[in-house]
Participant: 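Right, I'll just put the structure down here and ask away after.
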Amino acid sequence: TPVTLRTGRPDTCGAGDRFAAAAAAALGGGASVTEAVTVAVDHASRFVSAGGAGSMASVDRGAASSRVRRPSRSCSDAFALADRVHRDGGRLVATGGCFDLVHPGHLRLLREAAALGDALVVCLNSDSSVRGLKGAGRPVLGQDVRAAMLRELDTVDAVAVFDDDTPTRLLERLRPDVWVKGGDYRPADLPEAETVRRNGGEVRTVPPLGDYSTTKVVAAIESHHEAFRGRAGLGSEGRNP
């Protein structure tokens, strides 16, 4: 379906992130490079047609939902939101992870987590934390970019970045009523579970959606890239041998 841009100068801020995320998700789902690019162009075009990042920032999210809507820019804002929800007798939900190249599995986790309460805080592993857990070469995207992408999602009310291997210390301050992780984890294996329960919260898991993972998305991108260089007759450094 053709996309018609609004009159006036379009706001293209964020279109690149939309393109990259859509392409990565499509490749991770088994699409060809051509199919992935087609999908990504469509996503980016529709994003720009809708007004780009500027239109998203101007939306009155509180009017669109009964959930608490307060996109936050720092850990301190996340703590203020948590205090507000607790003070008002609401139900605070938290989830955590690296969210390095957001894929459909991440989106399902966030959607189902948000549905469990009045506000959702994402506890995001910092760059150094991701490297410690995933090794050299990760994260693919830096913590500021990952946090910014998460904040653009309607399901996310705040993002708090932490440097430790686990979010235990962060959860001690947030005191969520519900801590949510993907179904590839067992509550008994989560070192932070005790902290959540000690503060009156519960631990939930969300069944995984398909066989998605950032590692597989990255591997798919690298595989397609190598195949492209081979077909183009390029050497290992991208030049003709």
Side-chain angles (χ1 to χ4, degrees), residues 13-25 27-28 40 43-44 47 52-53 56-57 69-82 92-111 113-114 119-176 179-182 184-185 190-192 195-196 206 212-222:
C13 181
D17 289 338
R18 285 301 175 102
F19 179 94
L27 289 171
H43 277 243
F47 177 70
M56 298 181 74
R69 312 305 308 179
R70 184 174 175 178
S72 302
R73 300 298 173 184
S74 68
C75 284
S76 60
D77 290 331
F79 298 142
L81 174 62
L92 179 69
V93 183
T95 188
C98 301
F99 294 95
D100 189 21
L101 297 184
V102 174
H103 53 66
H106 289 142
L107 297 179
R108 175 177 179 171
L109 171 67
L110 294 170
R111 183 175 64 253
L120 174 63
V121 175
V122 175
C123 301
L124 183 68
N125 292 76
S126 69
D127 292 346
S128 60
S129 178
V130 175
R131 280 192 294 272
L133 295 171
K134 305 291 185 178
R138 297 285 301 276
V140 177
L141 299 176
Q143 64 192 48
D144 291 342
V145 174
R146 289 183 284 123
M149 292 179 69
L150 287 169
R151 292 186 186 107
E152 292 293 346
L153 300 175
D154 287 339
T155 50
V156 177
D157 297 285
V159 178
V161 180
F162 65 95
D163 287 319
D164 303 328
D165 291 339
T166 74
T168 300
R169 289 199 299 170
L170 181 56
L171 293 173
E172 188 73 62
R173 292 192 61 184
L174 290 173
R175 296 179 295 109
W179 171 242
V180 182
K181 291 291 287 184
D184 48 342
Y185 291 92
L190 297 172
E192 66 271 18
T195 296
V196 173
V206 172
Y212 292 103
S213 75
T214 297
T215 298
K216 291 181 179 179
V217 171
V218 171
I221 293 173
E222 291 176 342

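In this text, all values refer to a predicted model and were calculated from it rather than measured experimentally.
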Participant: Taking all atoms of both residues into account, what is the closest heavy-atom pair of Leu92 and Ala82, and its distance?
Facilitator: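 So the minimum-distance heavy-atom pair works out to CD2-CB, 3.5 Å.
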Participant: Which distance, rounded to the nearest 0.5 Å, do you find between the CZ of Phe79 and the CG of Leu170?
Facilitator: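 Here the rounded value is 5.0 Å.
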Participant: Where is the tightest heavy-atom contact between Ala147 and Leu124, given as atom of each residue plus distance?
Facilitator: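 Result for this residue pair: N-CD2, 3.7 Å.
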Participant: Considering non-hydrogen atoms only, spot the tightest contact between Val93 and Ala113 and give its length.
Facilitator: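 Scanning both residues, the minimum pair turns out to be CG1-O, 3.4 Å.
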Participant: So Asp127 and Arg146, do their side chains get closer than 4.5 Å, heavy atoms only?
Facilitator: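 Arg146 reaches Asp127 side chain to side chain.
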Participant: Which residues satisfy the salt bridge (charged side-chain N to carboxylate O under 4.0 Å, His left out) test with Arg169, sequence neighbours excluded?
Facilitator: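 If we apply the salt bridge (charged side-chain N to carboxylate O under 4.0 Å, His left out) test to Arg169, skipping adjacent residues, the hits are Asp164.
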Participant: Got a sec, which residues hit side chain to side chain donor-acceptor pair (under 3.5 Å) with Arg173, two or more places apart in sequence or on another chain?
Facilitator: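 Arg173: no side chain to side chain donor-acceptor pair (under 3.5 Å) contacts found.
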Participant: Kindly say whether Leu120 contributes a backbone atom to a donor-acceptor pair with the side chain of Asp157 at under 3.5 angstrom?
Facilitator: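 It does hold such a pair.
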Participant: Provide the closest heavy-atom pair for Ala158 versus Leu81 in the form atom of the first, atom of the second, distance.
Facilitator: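 Closest approach of Ala158 to Leu81, heavy atoms only: CB-CD2, 3.7 Å.
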Participant: Can you name the side chain to side chain donor-acceptor pair (under 3.5 Å) partners of Asp163, sequence neighbours left out?
Facilitator: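 With sequence neighbours excluded, Asp163 shows a side chain to side chain donor-acceptor pair (under 3.5 Å) to Ser126, given in chain and number order.
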Participant: Rounded at 0.5 Å granularity, tell me how far OG1 in Thr95 sits from NE2 in His106.
Facilitator: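 Reported value, rounded in 0.5 Å steps: 9.5 Å.
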Participant: Flag the pair Asp100 / Lys134 as yes when at least one side-chain heavy-atom distance between them is below 4.5 Å, and no otherwise.
Facilitator: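 The answer is no; the side chains never approach within 4.5 Å.
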Participant: Could I get the full list of side chain to side chain donor-acceptor pair (under 3.5 Å) partners for Glu192, not counting sequence neighbours?
Facilitator: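 Result, side chain to side chain donor-acceptor pair (under 3.5 Å) vs Glu192: Trp179.
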Participant: Any non-hydrogen side-chain atom of Leu171 less than 4.5 Å from a side-chain atom of Thr166?
Facilitator: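 Leu171 does not reach Thr166 side chain to side chain.
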Participant: List the residues meeting side chain to side chain donor-acceptor pair (under 3.5 Å) with Ser129, not counting sequence neighbours, and say none if there are none.
Facilitator: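 Counting only residues at least two positions away or on another chain, Ser129 forms a side chain to side chain donor-acceptor pair (under 3.5 Å) with Asn125.
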Participant: Using every non-hydrogen atom in the two residues, find where Lys181 and Gly96 come nearest and quote the distance to one decimal.
Facilitator: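 Scanning both residues completely, I find the closest heavy atoms to be NZ-O, 3.1 Å.
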Participant: Could you check if a side-chain atom of Cys123 sits within less than 4.5 angstrom of a side-chain atom of Leu174, using non-hydrogen atoms only?
Facilitator: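 Cys123 reaches Leu174 side chain to side chain.
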